*Asks:* 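This is the structure, below, for whatever I ask next.
Small disclaimer: the values here were computed from a predicted structure and weren't measured. Below, all heavy atoms of this structure are taken into account, side chains as well, without hydrogens, waters or symmetry copies. We name chains A, B, ... by the order of the sequence lines, and we start the count at 1 in each one.
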Protein chains: 2
Amino acid sequence: MDASAPRTRIQEKNTAAILDAALDAFSQAGFRGATLDDISRAAGLSKPNLLYYFASKEAIYVQVLSGVLDLWLDPLKELTDDGDPIEEVVAYAQRKLEMAREYPRESRLFANEILQGAPRILDIIEGPLKQMVDEKAALIRGWTRAGRIADIDPYHLIFSIWSTTQHYADFDIQVRGILGPGNGHFEDAAAFLEHLYRSALTPR
Amino acid sequence: MDASAPRTRIQEKNTAAILDAALDAFSQAGFRGATLDDISRAAGLSKPNLLYYFASKEAIYVQVLSGVLDLWLDPLKELTDDGDPIEEVVAYAQRKLEMAREYPRESRLFANEILQGAPRILDIIEGPLKQMVDEKAALIRGWTRAGRIADIDPYHLIFSIWSTTQHYADFDIQVRGILGPGNGHFEDAAAFLEHLYRSALTPR
DNA sequence: CGTCTTCCTGACCAATTGGTCAAACTCTTT
DNA sequence: AAAGAGTTTGACCAATTGGTCAGGAAGACG
């Protein structure tokens with residue numbers, strides 16, 4: 001069966017349940033740590049039925065990962081030359097932080113994949129992702145040359161935005177262990193990141 | 001056998017080989033992803049011989065993790081009231097970056113553990129680690145109150161230092177995929193982070 | 001209603017994996 | 001060199017896990 005294009009209502013419902021359960025499982029335990037039994041139990045289906053919809057564990061993982069990738073690399077596209085450069089960058093950081101809050105499972109799955117050496121998406125990183133980052137880095141370089149922002153390495157700026165924002169999803173347990181439960185710290189993080197990038201980018 | 005206190009030369013050599021191989025394996029594949037066969041092969045020992053030195057896979061992992069924790073939480077201790085506050089924070093970030101360069105395996109193992117929900121070290125996070133962070137946060141708060149640095153959330157400052165520096169170890173593949181191979185980017189990262197934190201902390 | 005397709009399951013399988021154990025080997029010590 | 005401790009291994013085991021398969025149940029449709 002090809003579950004990438006559901007044709008009936010039952011297929012649609014079940015593939016959605018599988019992918020959601022799989023996102024849960026894979027993001028918590030990694031590819032190897034998650035089992036088909038876990039996923040099928042969480043999806044409310046039998047294991048053979050899982051494999052009726054997807055050819056293999058790998059196939060499930062790849063489809064989940066593919067969905068995550070689309071979602072994950074999207075916000076960067078919106079970093080454009082439209083408004084004030086500093087506001088653009090700050091807004092991008094806020095958008096990424098929002099993603100970490102709204103989609104922690106996706107963030108963790110991505111982190112897991114990269115940690116294991118990105119065996120399935122290395123070509124995407126070295127291809128489309130690199131290309132987009134190069135593009136945005138050139139844009140930022142242009143702002144620096146025009147004197148609109150401080151002289152700053154655009155690649156490491158982007159890396160720092162990725163890391164600081166995703167930290168609140170990937171290291172969630174650590175953050176909560178230190179700050180206590182609840183979600184209030186996201187407000188503080190937003191304010192902190194705004195200050196961090198505004199001060200780093202403001203020409204002096 | 002209790003491998004935590006080697007008594008003979010053979011024990012010393014073999015436990016060291018096992019722990020090193022285990023650090024390799026666990027940091028690359030996580031606890032579940034790594035197998036005793038992997039570890040024993042890399043250590044040049046038979047599997048039963050591994051289990052002569054360590055009671056179980058879990059015991060190996062715990063000992064490796066314990067070593068990593070000691071190493072990992074150390075640099076923060078050196079953040080003191082000795083010199084100029086801004087230089088102190090910048091130096092801390094540089095130290096952490098240096099750790100990411102020197103000990104990427106340790107960084108990844110730690111990241112893996114936290115990602116999986118820190119099942120084995122949650123008490124350390126909520127206890128000693130939280131305590132030390134609280135302490136350092138109070139120190140930084142004091143600097144702000146004295147007008148020596150900008151008004152900034154000390155907890156999120158520490159989180160951002162952790163995330164930006166560890167990113168170069170944990171997301172190494174992504175960084176290299178975008179910047180190309182080699183280690184030259186660590187110099188650029190050091191310069192970037194210095195600028196980032198200097199500008200964020202300088203009172204305006 | 002009957003038929004054809006889609007959906008689902010119990011039973012089963014081979015491979016992997018963490019771990020055991022008795023026996024053998026080697027090194028140290030007296 | 002003999003005793004005794006420390007070290008190593010091959011053979012084995014039970015549990016888990018990804019995956020298969022033949023057949024049955026349930027929908028869709030003319």
*Asks:* Within the supplied structure, the quantity of interest is the number of heavy atoms (other residues, nucleotides, ligands) at a distance under 6.0 Å from B/Glu78 CD; does it exceed 12?
*Replies:*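 Buried by this count: over 12 neighbours within 6.0 Å.
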*Asks:* If the test is side-chain contact (heavy atoms from CB on, under 4.5 Å), which one of A/Val68, A/Asp38, A/Ile60 qualifies with A/Phe26?
*Replies:*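 Output: one option passes, namely A/Ile60.
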*Asks:* Less than 4.0 angstrom between a side-chain N/O of A/Asn49 and OP1 or OP2 of C/dT9, yes or no?
*Replies:*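 Yes, A/Asn49 has a side-chain N/O under 4.0 Å of OP1/OP2 on C/dT9.
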*Asks:* Under 4.0 Å: is that the gap between some side-chain N or O of B/Tyr52 and OP1 or OP2 of D/dT7?
*Replies:*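 True: B/Tyr52 side-chain N/O within range (under 4.0 Å) of D/dT7 OP1/OP2.
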*Asks:* Check the distance between D/dG18's P and A/Arg41's CZ and give it to me in whole angstrom.
*Replies:*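 That distance rounds to 11 Å.
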*Asks:* So B/Phe159 and B/His156, would you call those rings parallel, tilted or perpendicular, with 30° and 60° as cut-offs?
*Replies:*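 Geometry flag for B/His156 against B/Phe159: perpendicular rings.
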*Asks:* Measuring from the side chain of A/Gln11 (C-beta onward, heavy atoms only), which nucleotide among C/dC7, D/dG6, D/dT17 has the closest atom?
*Replies:*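 Per side-chain heavy atoms of A/Gln11, the pick is C/dC7.
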*Asks:* Does a side-chain N-to-carboxylate-O contact under 4.0 Å join B/Glu87 and B/Arg198?
*Replies:*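 Salt bridge present between B/Glu87 and B/Arg198.
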*Asks:* Take A/Leu50 and B/Phe31, find for each the nucleotide of DNA chain C with the closest heavy atom, and name the residue whose nucleotide sits nearer the 5' end.
*Replies:*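 Nearest-nucleotide comparison on DNA chain C picks A/Leu50.
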*Asks:* Any base atoms under 4.0 Å from B/Ala34, or only sugar-phosphate, or nothing? Heavy atoms, all strands.
*Replies:*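 Answer is sugar-phosphate: B/Ala34 comes under 4.0 Å of backbone atoms only.
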*Asks:* Does A/Thr8 put a side-chain nitrogen or oxygen below 4.0 Å from OP1 or OP2 of C/dT6?
*Replies:*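 For C/dT6, neither OP1 nor OP2 has a side-chain N or O of A/Thr8 closer than 4.0 Å.
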*Asks:* When you measure from the side-chain N and O atoms of B/Arg32 to the phosphate of C/dT16, is any distance below 4.0 Å, counting only OP1 and OP2?
*Replies:*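 No, outside the criterion.
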*Asks:* Would you compute the distance between atom CG of B/Leu97 and atom CD of B/Gln166 and round it to the nearest 0.5 angstrom?
*Replies:*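 B/Leu97 CG to B/Gln166 CD: 11.0 Å, rounded to 0.5 Å.
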*Asks:* By the definition side-chain contact (heavy atoms from CB on, under 4.5 Å), identify the one residue from B/Glu106, B/Glu98, B/Met99, B/Arg105 that meets it with B/Glu102.
*Replies:*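 Checked B/Glu106, B/Glu98, B/Met99, B/Arg105 against B/Glu102; only one passes side-chain contact (heavy atoms from CB on, under 4.5 Å): B/Glu98.
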*Asks:* Could you state the atom-to-atom distance from OH of B/Tyr53 to P of C/dG18 in whole Å?
*Replies:*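 Nearest whole value for this atom pair: 20 Å.
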*Asks:* Going 5' to 3' along nucleotides 19-30 of chain D, which nucleotides have protein heavy atoms under 4.0 Å from the base (write B), which only from the sugar-phosphate (write S), and which from neither (write -)?
*Replies:* BBB---------
*Asks:* Any idea which of D/dT8, D/dT17, C/dC8 is nearest the B/Asn14 side chain?
*Replies:*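 Of D/dT8, D/dT17, C/dC8, D/dT8 is nearest to the side chain of B/Asn14.
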